[in-house]
Amino acid sequence: MVRNPLSKSANKYLRKFRKWPHSPYKTSWHHNFGEQQAMLILKQATIQPQTQNNNNPFLLSTLIDSFKAYNTDPTPKAYFFLIKTLTNNTSQLHDIPHILNHLEHNEKFETPEVIFLYLIRFYGLSDRVQDAVDLFFRIPRFRCTPTVCSLNLLLSLLCRKRECLKMVPNILLKSQNMKIRLEESTFRVLVEALCRIKRVDYAIKIMNCMIEDGYGLDDKICSLIILSLCEQNNLTSAEALFVWGNMRKLGFCPGIMDCTNMIRFLVKEGKGKDALEILNQLKEDGIKPDIVCYTIVLSGIVKEGDYVKLDELFDEILVLGLIPDVYTYNVYINGLCKQNNFDEAMKIVVSMEKLGCKPNVVTYNTLLGALSMKEDLGKAKRVMKELKLKCVEPNLHTYRIMLDGLVGKCEIGEACILLEEMMEKCFYPRSSTFDSIILQMCQNGLITDSVVLMNKIVAKSFVPGVKVWEALLLNLGSKVTYSETTFVGLLSPK
DNA sequence: TGGCACGTAG
């Protein structure tokens, strides 16, 4: 339709139909210019020494006056700038209520919610939770309709502190009156808070409420509950599996991390077969488990001593094309060692190297531990040599395993050499091992050497056990071969 | 991406 240019509906703002021309002060360009100039004055005022004017804080007066000077109304942007400036200067914080009062009573515009989000966060993080709550309830008085963003922010701030949690139910109830519609994100905030304070039982109740109220099942909430559940110490594997099963019935599709968390928990609880079941569920859901998942399950199977399953599962890893890492090999080697199949374990070590997976100190500790149990000290010494040849750095466990092996076989001379090496690296033996060393030295008449050793270890702030003192005192009665001062020094360790 | 291995007394 072609509009008659002279009809009443013609656009009277077009220049040719306008009765009177716009005042040059009313153009958009001029308005923007005025606003920019007013903002410039305001910004300059923030870096000037300040004085009070008309009972208003200096910056508020500057804001009002500068916009007035340019015949423009103050903008939300200007107020936001002012509030940000005040929050960045602790000496001006007391001015914020004035600004808010002025904004509430003297302005007409709809205040953007972002200003309240900023201030609520500021109050919450400055331990002024009540101010944050009060401001949240006051938002409608600023001609602003609060959304779930403000509610979620306030809830998350309250949930940071255990003592503020009791305020949450009241806020939720009142937010209904403010016409704020709860969203999945709100429930997530609450579930996160409950999980953080280890009340997973309540978190599960919240999740159930969500579903009853017709909200969709939120995968993130489920994952969080599973993770928190698995971190609990007082939960049985049956209870965890019950929650897991219910979530799956409700339509939760666990991801690889959810399964890994669950598997880790079950293995820790000694439920290797249940862990394997979770792994199989993952496969049935069409997700290929990764090597970490398999490794944890393998370790559970080794714990249960199901070595047939161990071999099956290790083969499955290879069939699936997954590449075992040093963790996987270490678990498998541990399984072989537990079966006393030391030769096969060594073969795996050799093949690891060929496949470019370098055995590490844990690999060697596993072998050494197995040999130590078998009291095969000869082989243990060879493994220790190989470890050093391969430039693998022994750790505390390596030394303790080896030292226990030597002491167990009464090879006290070598034990002392190894102990010296340990002490140089600030590693110390188990108290019982040290007791045995001193006792054996005393039995072999090496009283002076044992005192020297005692001196060295005491100088390193290691406190020997009671048995050691007993042994020394008993031997001192008959064989005093060192000065009294040494003895006194020894009995009063630093 | 992360998450996985040895050991363990008090």
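No hydrogens, no waters, no symmetry mates; every other heavy atom, side chains included, goes into these values. In the text below, chain A, chain B and the rest are named by the order of the sequence lines, each starting its count at 1. Just so we're clear, the structure is a prediction, and the values are computed from it rather than from any experiment.
- Taking atom CG of A/Leu367 as the reference point, atom C1' of B/dA5 lies 12 Å away to the nearest angstrom.
- When heavy atoms are screened at a 4.0 angstrom cut-off, A/Thr366 is found touching the sugar-phosphate backbone but no base atom.
- When the nucleotides B/dC4, B/dA5, B/dC6 are ranked by their closest atom to the side chain of A/Asn365, B/dC6 comes out on top.
- Here the shortest heavy-atom pairing between A/Leu158 and A/Cys164 reads O-CB, 3.2 Å.
- Nucleic acid contact for A/Arg400: none, since no nucleic acid atom lies under 4.0 Å from a heavy atom of the residue.
- Atom CD1 in A/Ile301 sits about 15 Å away from atom P in B/dA5, given to the nearest Å.
- The side chain of A/Val362 sits closest to B/dA5 out of B/dA5, B/dG2, B/dC4.
- For the pair A/Asn334 and B/dC6, the criterion of a side-chain N or O lying under 4.0 Å from OP1 or OP2 is met.
- Scanning atom types as modelled, one donor and one acceptor separated by under 3.5 angstrom connect the side chain of A/Asp290 and the base of B/dG3.
- Between A/Asp435 and A/Arg430 there is no salt bridge, since none of the side-chain N atoms of the basic residue sits less than 4.0 Å from a carboxylate O of the acidic one.
- Rounded to whole angstrom, the span from the CG atom of A/Leu227 across to the P atom of B/dG3 amounts to 11 Å.
- Note: CG (A/Asn395) to C1' (B/dA5) measures 12 Å, nearest angstrom.
- For the pair A/Leu266 CG and B/dG3 C1', the computed distance is 15 Å after rounding to whole Å.
- Heavy atoms of other residues, nucleotides or ligands lying less than 6.0 angstrom from NZ of A/Lys283 number more than 12.
- Distance, A/Lys268 NZ to B/dC4 P: 12 Å, rounded to whole Å.
- Within 4.0 Å of A/Leu396, counting heavy atoms only, lies no atom of the nucleic acid at all.
- Distances from the side chain of A/Arg430 to the nucleotides B/dT8, B/dG2, B/dC4 place B/dT8 closest.
- Put simply, OH on A/Tyr294 is 19 Å from P on B/dC4, counting in whole angstrom units.
- Side-chain contact of A/Thr366 with A/Asn334: a donor-acceptor pair under 3.5 Å is absent, judged by distance alone.
- For A/Lys84 and A/Phe80, the positive end sits near the middle of the six-membered ring, less than 6.0 Å away and at most 45° from its axis.
- Residue A/Tyr428 contributes atom OH, which lies 18 Å from atom C1' of B/dA9 at whole-angstrom precision.
- As judged by a 4.0 angstrom heavy-atom cut-off over every strand, A/Asp325 is placed among the base-contacting residues.
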